[in-house]
Amino acid sequence: MTGFLALFRRLEGPQTLGRGPGFWALFALVLAGALAYPLFSDGYTVGNTVYFFVWVFIALSLSLIWGYGGSLSFGQTAFFGIAGYGYGILTINFGAAYGFTFIALLLAVAMAALVAALLGYFMFFGRISGVFLGIVTLAVTLMLERFMAQTAGPEWRIGAARLNGFNGMSAMPPLTIPWFGGPIPLFADIGLYYVVLGMLVLVYLALRMLMNSAFGNVIVAIRENPERAEMLGYDIRKYQLITFVIGAALAGLSGVLYTVWGQYITPSSMGMTAASLPLIWVAVGGRSDLTATVIGTLVVLSGFQALTIYGSQYALVFMGVLLVLTVLIAPNGLVLGIINWIAKLVTRRKQEAA
Amino acid sequence: MALLQLRDVNKHFGGLHVTNAVNLVLEQGEIHCLIGPNGAGKSTLFRLILGEHHPGSGQICFAGEDITALKSFARIRRGLSVKFQVPGVFKGLSVRQNLEIALQSRLHGVTLGREIDRLLAFLNLEAEQAQLAGNLSHGQKQWLEIGMAIALKPRLLLLDEPTAGMSPEETHMTGEMVRRLNAAGMTVLAIEHDMAFVRQVAQRVTVLHLGQVFAQGSIDEIVADERVAAIYLGQAHA
Amino acid sequence: AENPIKLGVLEDQSGDFAAATIGKVHAIQLAAEEINKAGGIMGRPLELVTYDTQSDNTRYQEFMRRVLQRDKVDAVFAGFSSASREAYRPIVDQFNGFAFYNNQYEGGVCDGHMVVTGAVPEQQFSTLIPYMMQTYGKKVYTLAADYNFGQISAEWVRKIVKENGGEMAGEEFIPLGVSQFSQSIQNIQKAKPDFVVTLLVGTAQASYYEQAASANVNLPMASSVNVGQGYEHKRFKPPSLKDMYVTTNYIEEIDSPKSKEFYAKFKAKFPNEPYVNQEAENSYLALYLYKQMVERAKSTNRDEIRKVIAMGDVCMDAPEGKVCIDPKSQHMSHTIYLAKVGADHSISFPKVWEDIKPYWLGDAGCDLTKKDPMAQYTPSNPPPKP
Amino acid sequence: MRKEVILTTLGLRAGYGGKPVLQGLEIEVREGEIVAVIGRNGVGKSTLMKSLIGLVPAMSGSIVYRGEAVEHLPAHKRARLGMGYVPQGRDVFPRLTVGENIAVGAAIKGGGIPEVGRQRVVGAFPILGERWSQRAGTMSGGQQQQLAIGRVLIADPHMILLDEPSEGIQPNIVQDIARNMVELNRRTGVTIILVEQNLDMIRAMAQRAYVMDKGRITASLTHEALDDAAEMRRHLAV
Amino acid sequence: MDIATLAFSALYQFGDAFAFLVLSACGLAVIFGMMGVINLAHGEFIMCGAYVTAATVHAGLPLPLGILCGTLASAFVGVLVELLVIRHLYERPLDTIVATWGLSLIATQGTLILVGSTMAGVGTPFGSFQVGAYSYSIYRIVLFAAALGVLGALYALFNWTRFGVLARATIQVPHMAAALGVDTRLIYSLTFACGAGLAGLAGGLYAPTMTLVPTMGATFIMEAFVTVVIGGADVFLGTAPAGGILAIVKSGMTSWQGQLFGQIGLLIAVIIVVRVLPKGISGFVLRERT
Ligand SMILES: Nc1ncnc2c1ncn2[C@@H]1O[C@H](COP(=O)(O)OP(=O)(O)OP(=O)(O)O)[C@@H](O)[C@H]1O
Ligand SMILES: Nc1ncnc2c1ncn2[C@@H]1O[C@H](COP(=O)(O)OP(=O)(O)OP(=O)(O)O)[C@@H](O)[C@H]1O
Ligand SMILES: [Mg+2]
Ligand SMILES: [Mg+2]
């Protein structure tokens, strides 16, 4: 029981923004809003929101590995792709009956984690760090992309599933909930929305607990000074590896959900652009905090989409300008910047009042 | 009983022979000071003991176990701990968190918090506990680094120039601290250029010169040694 | 006025593919303007809902949902790369949309939700390859982009070369985005073919021509994509595309009155357009086909429209000549022009084939009038035999 | 005969992130003086040195150097006016060789390293000559400190700001440095501001001293007071 | 086919790959290696060089002068970018990823809007020559020579001149360099301009041989990054050997199994090199030297 309580105490701490009843009240409010909102909205908006949510997991994975752990990984999209293809291959071969889709989801995520464990072992136990980590992960990602892009031929099939090269793999079933009188498929609207929202809340809270635990302390310590962390008796390679694997699993989850959302996965989701985008979201939001990452990713995604819709040919130029300005004006990321600014205002008020 | 034993430890960097067949025995419970000219190889010796460098040849034993091939963290877990010459605090974390990370493998929950408070008071960093460690003054960083080293409650504490940048008063306090820790059973190996500190704490002194043990003995013997004066102490201490 | 007919337009106006696709958007705008001036479709004006998909597959997914769910368009004109088409196709299928893919591609899409107005390999290669073999010889070297389009096209070339008693001197696949070709040039010289089939895609790969010319390769070339899509003969300095033969269903140099009229209207509205390519013409005629189908079905309902297609007589006089929709595959027959690039990069047309049918899908067993598998097939992965 | 004033600060406030550490600090240094600044850890000594050279901007107040207000000049312009700065914690360029580090110091004068200057620096710190093409980051702590001093001396500065130069240096070289500095001061009339904890060094070098606490000067000591151990302890006690 | 012809063709392919790797990488190596700035707009500086070169050649200048114009134009844009953006980010190099990504979006789309979706090429000069059964482009030899020339010039600049030492010092401990009288802002500007100019030079040199489109920079990016990162901070001790090793792997794999394997081989080589030398090639060389 006390252990259980201690776990909950971990929900807040120096590693994550937001604490106290005020924050949690706000959290509950936002959550309630998120739960209620599909009832007042149309199918497109809900489906589109699911789409944004899907990307938050990969952003969180990067926040974990890069923001907290200090290792820049360009490889998150590789895990994204592996899990996405994994889900496609499994469900195309074994179908969607008896809720197998959820098992396929778990297996696909596990597949990404396994690859990450191998790659991570190779890197961290080989003491690869810094930009070199970035370049190795990028190389792996690009290799996967190039490889998958040329699998158009009929020889590239796994069971009934054709990899189908650059054009991508499609026609995998959506997630289904087994039910009396036939399974309920979760197409990209309200059903999938609640499932993904649930996952998001769970992952967010779990990561908060993780980062505020002793484990999280070690992770940030390694970011700050790996040598010192090791000299406090921590096997930093093991910590880095575990973080990397957790991150890969999250990226994989994103990949599966993306595949499920559009019933499609393509090699270009592992390309250079796809690999850089999560870095942008995370950096713009504020990479060293989970909450900032979530908000930042959602803001950037919807902002960029809105720009694309209304910005005509200038959309990309605006995006570029916004990115540059954000970096210049808000060094810690947009969301963290705003939060810090508000905090400063509040303390000044208090001082003036006093 | 010997707690730490170095046997014929050699280390090269390119053509530079930095430690040359060093033999050193550290008895359980002693305070041992390592002195010697700049570049003698003192810090390198620490790094060899800690496993950050690996010796070209020779053997390092700790508490009767050969640790030459062990990784750093494994050595630390066997009861070593270090304060580096250049403070390696976690700059982006608060002072309090720095100590927490050092302590958390030993303590949990309420006791952890209490121990952090105690250490903060001891290090005179209470006022700075919420500051980022990177924003401390040089001396304050040294204190914090010492705090992290002793937080591990090691069997053998390695201190590389613990009093650099401290005032005479603070140096004296550090010396007292070292003696208290020692009285509580901790073995200490300290590198120092401040003879007042060495005089205050050292039970035995080893002089390292050009990577070799040059002289060894009590502080009085060392200070009286003209060869040591010539290479290291100069006239003032002679 | 009547409530408008809404058409979604999803094309890449920025990013990698923009060079070949901005013209498609313009062509649709031109056709819509003309149709609206002439009173719309059944008296209803056309309203275009256009999004820039930025050469990014995920944008196609986002915006296909948007046009279908939010904007509730009656039909969508979408996609340049095959990958983008495959990205949006599941969404069109799921939301029961109706999409026009106005692009030449590797063929094989058998999907009742789609109408394809672009040319497919059997139309371009069954004409091109025999001509080349007769003119230059029977040893053929294929240099193709290493992805679905290139691989499937190369398969077609291989098949037709064999059928005509020729021999493949070599085959090489180039990953997308590669721009350096010294090794390939040497491979070609080593194989000593009579001509080279270049199925190079994307702006980076087009660099081959300049590099081959400067290494003095001096072999005739045949292609189904270049010139007609990426107007390489306008972009590179002569004579790097000398002796290049392309089968295309339209390029702006075509000298017929219909073509000239189309080109003039296009240039009048978009004077800065660098080139009016086959995809632009495909897009333009697609809108007129749609008009005809809606008017005949008296409805924008897809199922009603498909009944019209099933009659097998949806045809029109397009700028290229007469075109008809094949009811089995919902692909289109084309007039195929053989364009030859001269040493000064001028275009001549040694040969024209009229009414070349997209026969393969139908022959292989795709019959959308009976069954809608919503899938893409290839010669090596044909539809299941009934 | 009283020499001209070379440096004055008036109401100097400076600090980090909007929080002043120096709280209206005032000092006055005359041409050719060697003045020490002493004080406990964290009172702002290093901040003072940094704001004199221009690495910490002045929030208010003025710094007048040789009759010119310099508080708005960037660091490199002040360096070109003849200020030399030896930072606490050495800050050598780790991936440049010793020679290149010194070349950076010499760059203000234009051209390469003057041979006379090189002779002088190597004469004062022979280890720098021996290790001329070793990368500075791999030098021992004390060697780096010597390099940091040599790097400033090469440019013949008019005024030197020394922040704890004795830190990490072996005792006999500390004595040498003190002697060299005093000798340099006699020979060239260079002005020196010295932040130091090592009382021996202060006594050997400084003509007078300021005592600093909490960002202000709290006392000004004459040379005689420096020799008074009790007085000193009073000022430096924690 | 005789041995000499074979040997020449292997050499030619190696030189071709080497030139491409080195020329794409040099600008990036200066900016990343010297300044720690990860410049994702590198490809756009290349594009800028290529466009200006082509434009000036169309306007009637001879190609070498056009290339010079392209180089200078890129360098000038580099100065502007440094002044307006990069300058404020040296303390947090990772943020330069975001900023330069933004710049690259602005540059590609801006070019598309202003100049149009393509630009006419300028044609490769010098013609071809024959060795054995094969004919080769002479211009490719020029590119190889240019790569060697650039490496030599950079080596001289950064090791023999005062600027090189000051630049490296500034990047390592900026505040200390300033305190020693180095005008760090000027150094930053010049270094960045140098990197941007080199990118422009690469663009200018390759302009005659490539399709000119706003996104053309992308084809250089992967090779450039890979070469720079495994080469490490030192242009001469890193980029040159990295270019050499990767060129051997790439040209060897390409001639053996085709372009796909050339590329995958390149990426595998990178992974192996980093695994064996976790600090890159120049990190390794420099460690051994001391
Ligand atoms: N990585 C390295 N490469 C080359 N030489 C090195 C390296 N590390 C240390 N050295 C050299 O080894 C010698 C010993 O250095 P070490 O740091 O152990 O000296 P030290 O005794 O601690 O001196 P100090 O009292 O100045 O701190 C020095 O001459 C130094 O220059
Ligand atoms: N970069 C920084 N950012 C914020 N605060 C800082 C920074 N550097 C120093 N401080 C704070 O300014 C105060 C004065 O620091 P300073 O380094 O000037 O002290 P000092 O007198 O030199 O001490 P020491 O003897 O330990 O070197 C300290 O309280 C320190 O915490
Ligand atoms: Mg040392
Ligand atoms: Mg200080």
Side-chain angles (χ1 to χ4, degrees), chain C residues 12-23 52 54-55 143 146 171-190 192 200 202-218 230-232 234-240 272-275, chain E residues 1 9-10 12-13 15-17 19-21 57 105 108-109 112-113 116-130 132-140 206 208-216 218-223 250-251 253-256 258-264:
Chain C
D12 302 320
Q13 298 173 67
S14 45
D16 279 342
F17 302 132
T21 49
I22 290 177
D52 176 8
Q54 300 175 341
S55 308
L143 190 64
D146 195 2
E171 218 174 41
E172 189 176 342
F173 294 96
I174 310 293
L176 284 179
V178 162
S179 64
Q180 302 301 309
F181 287 92
S182 295
Q183 184 69 48
S184 311
I185 289 168
Q186 199 174 321
N187 294 346
I188 292 171
Q189 295 190 348
K190 192 169 172 186
K192 299 203 178 67
L200 298 170
T203 43
Q205 290 194 349
S207 305
Y208 165 78
Y209 300 108
E210 182 63 47
Q211 291 170 25
S214 83
N216 197 21
V217 170
N218 230 343
Y231 48 101
E232 285 77 3
K234 295 276 183 190
R235 293 178 9 221
F236 289 107
K237 207 169 169 195
S240 51
N272 291 329
E273 195 70 37
Y275 194 73
Chain E
M1 197 165 306
S9 82
Y12 176 87
Q13 296 302 341
D16 191 59
F20 188 70
L21 288 163
V57 171
L105 288 181
T108 14
Q109 188 62 14
L112 181 76
I113 294 170
S117 54
T118 61
M119 189 163 187
V122 294
T124 315
F126 303 132
S128 64
F129 63 100
Q130 190 88 17
Y134 302 141
S135 62
Y136 299 95
S137 165
I138 294 175
Y139 190 68
R140 295 266 146 187
Y206 277 93
T209 74
M210 283 182 59
T211 319
L212 301 177
V213 289
T215 52
M216 67 180 287
T219 64
F220 294 83
I221 280 290
M222 185 189 84
E223 272 89 350
K250 193 179 170 202
S251 63
M253 291 292 280
T254 305
S255 72
W256 180 45
Q259 292 252 25
L260 176 72
F261 278 78
Q263 292 207 327
I264 290 188

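All chains are named by letter (A, B, ...) in the order of the sequence lines, taking the proteins before the strands, and each is independently numbered beginning at 1.
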ask   = OG1/E:Thr209 to CD/C:Glu210 distance, rounded to the nearest 0.5 angstrom?
value =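 Answer for the OG1-CD pair, E:Thr209 versus C:Glu210, is 7.5 Å.
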key: Inter-residue atom distance C:Ile174.CD1 - C:Leu200.CG, 0.5 Å rounding   = 7.0 Å
At a 4.5 Å cut-off on heavy atoms, which part of [X] comes close to chain E: side chain, backbone, both, or neither?
X: C:Ser14; result: both
X: C:Asn187; result: neither
X: C:Phe173; result: backbone
X: C:Glu172; result: side chain
X: C:Ser184; result: side chain

Quick check on [X] against chain C: is it the side chain, the backbone, both or neither that has a heavy atom closer than 4.5 Å?
X: E:Met210; result: both
X: E:Tyr12; result: side chain
X: E:Tyr206; result: side chain
X: E:Tyr136; result: both
X: E:Pro208; result: backbone
X: E:Leu260; result: both
X: E:Met119; result: backbone

message = Is a donor from one side chain sitting under 3.5 angstrom from an acceptor on the other, for C:Gln180 and E:Arg140?
response = yes
inquiry  = Quiz question: by atom type and distance under 3.5 Å, do the side chains of E:Ser137 and C:Ser214 form a donor-acceptor pair?
reply    = yes
So, the side chain of [X] versus the backbone of [Y]: is there a donor-acceptor pair under 3.5 Å, distance only?
X: C:Glu232; Y: C:Ala206; answer: no
X: E:Thr219; Y: C:Val178; answer: no
X: C:Ser207; Y: E:Thr211; answer: yes
X: C:Ser55; Y: C:Asp12; answer: no
X: C:Ser240; Y: C:Phe236; answer: no

task = Output the option from E:Gly123, E:Gly121, E:Ser135, E:Ser128 having the highest count of non-hydrogen pairs under 4.5 Å with chain C.
result =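 Of E:Gly123, E:Gly121, E:Ser135, E:Ser128, E:Ser135 has the most heavy-atom pairs under 4.5 Å with chain C.
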ask   = Quick one: of E:Ile113, E:Val122, E:Thr254, who has the most non-hydrogen atom pairs under 4.5 Å with chain C?
value =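 Result: the option with the highest number of such pairs is E:Val122.
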Best-contacting candidate, [options], against chain E by heavy atom pairs under 4.5 angstrom:
options: C:Gly230, C:Ala204, C:Ser182; value: C:Ser182
options: C:Gln186, C:Gln54, C:Gln211, C:Gln205; value: C:Gln186
options: C:Asn272, C:Val217, C:Asp16; value: C:Asp16

C:Tyr231 six-ring centre to C:Arg235 NZ/CZ under 6.0 Å and within 45° of normal =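 Yes.
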query = Quick one: do E:Glu223 and E:Lys250 make a salt bridge, cutoff under 4.0 Å?
reply = yes
